[in-house]
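So the structure is just underneath, and the comments pick up after that.
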There are 2 protein chains.
Amino acid sequence: MTRRPYARLTDVARAAGVSLSTASRALAEPDLVLPATRSRIQDAVARLGYVPHGAARALASRRSRTIGAVVPTLENPIFATSIQTLHQRIASAGYTLLVGSHGYDLDAEVQVVSALVERGVDGVLLVGLDHSPELYRLLAKAAIPFEITWATDPSRIHYSLGFSNRLAAASVAQHLMELRHREFAMISGETTSNDRARERVAGVREALAAHGLELPAHRVLEIPFSIAAARAALGRLLDAGERFTALVCGNDVLALGALLEAAARGIAVPHQLSVTGFDDIELASEFSPALTTIHLPVADIGHIAAERMLTRIGGGEVPRLHEIPVHLVVRASTAPPPRINERVRNSTKSGGRLPSRAAVRTGRR
Amino acid sequence: MTRRPYARLTDVARAAGVSLSTASRALAEPDLVLPATRSRIQDAVARLGYVPHGAARALASRRSRTIGAVVPTLENPIFATSIQTLHQRIASAGYTLLVGSHGYDLDAEVQVVSALVERGVDGVLLVGLDHSPELYRLLAKAAIPFEITWATDPSRIHYSLGFSNRLAAASVAQHLMELRHREFAMISGETTSNDRARERVAGVREALAAHGLELPAHRVLEIPFSIAAARAALGRLLDAGERFTALVCGNDVLALGALLEAAARGIAVPHQLSVTGFDDIELASEFSPALTTIHLPVADIGHIAAERMLTRIGGGEVPRLHEIPVHLVVRASTAPPPRINERVRNSTKSGGRLPSRAAVRTGRR
DNA sequence: TTGTACGCGTTATCAA
DNA sequence: TTGATAACGCGTACAA
């Protein structure tokens, strides 16, 4: 007898004096085994410290009890949180989570998904609709159920769970217009290969257009999702002499950067400038001024995604499209625009000083 | 011939007119196969869209090319970021990342690790030294290499990669004492089953003690890692009439909460109160006032952890203990303490008002 | 350089 | 209710 470092099911069976199949059954379908035999087997399992061999199981059963989730980046707390709740839910169902991130690079994403497919994941969760055609082919060929999250696919070609980024963004613009803003600027994430960012910009544009307003291209800055980049972006807009009373940001991280830059330049939010975010991360409500933003039920998304995936893997049916309600949360960062002569037109070099409502310079061209 | 949805290596071999083993070899050790045969095989692979079957591979080779990482929570951006860099590094080496989180619950952690062991991960990354003995037993029995991160194990019983949380925290206290602070308070994460938090409190205590100062228990609040909890905690300290000029926070998230609460109460940081953090997340440097904190090379940690694990899996050797340099970053949230009559002693109910340096109330007992 | 044949640990089918 | 036995897809000594 070869000395093995671990016990396999055969060893358990022998120790319990039953056949391999009975041992297997006792673990998979305990009810089909007599209580007496079952407990002998369970004793043996405990005594030998038997741990099932996942690969062997996966090979024989053609199920890995593993789910893959691919996000653009974990640095956005919004993805990190949803991954977290996703993991909790599937773990309680005996599933394990394989994660990957691609940094908004669609080709990198194909590699990541390919690795997951190789591992035989039972399902894949993706973010958004923008993916390489190759990725879709890969998944289709492997016949692995997958789901789009953070966006909805109105065509219902794919299973999707999310909300309309366009409508949500439009409601932000709507809110600002109701406050009587007419001059807008926007700081967005890169829109190439990011349908969520693109839709948000489009949503704002559409809402404005419906009221005869426009959002010119030079007032929409596309930048990486970082506070530093957002600060710099607002700085560029101001330094360029752009005139706007409302700044719409693609997400809360960008909005936070804008708020910090505004504070550093002595621009009063919301009195001189209104700022909005998207996501409603924890800081949004705790920051001062508290951020007007779109609230997303992040934990719900992870949870529901898990639920849908588990039922599909189990052979159940779910509606192709699951729309999650999102809503605008009005807080302290938005207010009616200042009167003409109080507007922000260019940068104030005098960093820390708190400006009085009247102390605004004239813009250089 | 059964109609299969996918191609296996046998199919590739047949299509290329070679034996199964040759096909296998062509993929694993291309150099051992004649260029001509090799390319025939590669053609077949491409034509059939062959994707290796991970489970079968793992079963035969006894390696899953999968690494597990278990963190307390992904909500702390510091863990999310390191997981991200970890993933990048191991993915480029053909490995996949299995993640798990346990929410600071040691028993839950055992379950998570157990699931990873079942999946046959080739290595496991853990955070900190506090783990259930059962977890250590599990890993030892399965003979899976594992590594402690975010902390060092001076005893060198385990492989570890990190820094001394105690010394780092002590250096924060040292800095504050050099500024002539003598009255301290601390907001920490829960120290039960969290050695990092415990060590940080201990580090501050020791440093103070070395100068004859103390940090009484009632001035150390242990709370969940959230901004809201931190705000509430500072509120409680102030409302209780505690007198302190320096507030040491267990990490940056807590410190941010403290800064926000101080601002809301009209307490000037750093003039009336000095506040410090730990981690140096992006917001720490962008916030106003910028936060004095301990800088951790987060990306490096993920990267080095990956490197060490990969060499160990490959049979290589690495030093048991890898110490990462961390250092204090002094920013705008710390300054010498105010003169006696300017100290913060209790809460100011008049939220938004900015107090002049002299406008501080007398504490109620 | 290539091929044969067995083993990896489990599930699933079928018969007893 | 239990037990034989054939897959599952690939790696790898060993032989050719």
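Letters go in sequence order (proteins before strands), and every chain restarts at 1.
Side-chain N or O atoms of B/Arg312 include one that pairs as donor or acceptor with a backbone N or O of B/Phe146 at under 3.5 Å. Here the side chain of B/Ser160 pairs a donor or acceptor atom with the backbone of B/Asp153 at under 3.5 angstrom.
Between the side chains of A/Glu109 and A/His131, a donor-acceptor pair is found at a separation under 3.5 Å. In this model, a donor atom of one side chain and an acceptor atom of the other lie less than 3.5 Å apart for B/Gln84 and A/Thr73.
B/Leu27 has its CG atom 8 Å from the P atom of D/dG11, to the nearest Å. In this structure, A/Leu48 places its CG atom 14 Å from P of C/dG9, rounding to the nearest Å. As a whole-Å value, the separation of B/Arg14 CZ from C/dT4 P is 13 Å. Taking atom CG on B/Leu9 and atom C1' on C/dA5, their separation rounds to 16 Å, with Å as the unit. A/Leu59 has its CG atom 11 Å from the P atom of C/dT11, to the nearest Å. For the pair B/Arg57 CZ and D/dC8 C1', the interatomic distance rounds to 16 Å; values are reported in whole Å. For the pair A/Glu118 CD and D/dC10 C1', the computed distance is 13 Å after rounding to whole Å.
Phosphate contact (OP1/OP2 of C/dT11, side-chain N/O of A/Ser24, threshold under 4.0 Å): present. Close to C/dC8, at under 4.0 Å from its OP1 or OP2, lies no side-chain N or O of A/Tyr6.
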Side-chain polar contacts of residues 314-324 of chain A - donor-acceptor pairs under 3.5 angstrom, sequence neighbours left out - could you list them?
| from | atom 1 | to | atom 2 | distance (Å) |
| --- | --- | --- | --- | --- |
| A/Arg320 | NH1 | A/Arg156 | O | 3.4 |
| A/Arg320 | NH1 | A/Ile157 | O | 2.7 |

Donor-acceptor pairs under 3.5 Å, side chain of residues 297-307 of chain B to any protein atom, not counting sequence neighbours: which ones?
| from | atom 1 | to | atom 2 | distance (Å) |
| --- | --- | --- | --- | --- |
| B/His303 | NE2 | B/Glu307 | OE1 | 3.4 |
| B/Glu307 | OE1 | B/Arg89 | NE | 2.8 |
| B/Glu307 | OE2 | B/Arg89 | NE | 3.3 |
| B/Glu307 | OE2 | B/Arg89 | NH2 | 2.7 |

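Nearest heavy atoms, B/Leu138 versus B/Val110: CD2-O, 4.1 Å. Taking every heavy atom of both residues into account, B/Lys141 and A/Leu48 meet most closely at NZ-O, 3.1 Å. Shortest non-hydrogen contact noted between A/Ile67 and A/Val121 is C-CG1, 4.3 Å.
Atoms OG and CG, on B/Ser193 and B/Asp105 in that order, are 7.5 Å from each other to the nearest 0.5 Å.
For residues 24-52 of chain B, the set of pairs meeting the side-chain hydrogen bond (donor to acceptor under 3.5 Å, both in side chains) definition, not counting sequence neighbours, is empty.
At its two ends the helix from C/dT1-D/dA16 to C/dA16-D/dT1 runs along axes set 30° apart, each axis drawn from five pairs and the angle rounded to 10°.
Against DNA chain D, the stretch residues 60-67 of chain A makes heavy-atom approaches under 4.0 Å through A/Ala60, A/Arg62.
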- Note on the structure: Given protein heavy atoms under 4.0 Å, the one-letter contact record of nucleotides 1-6 of chain D, with B base, S sugar-phosphate only and - none, is simply SBBBB-

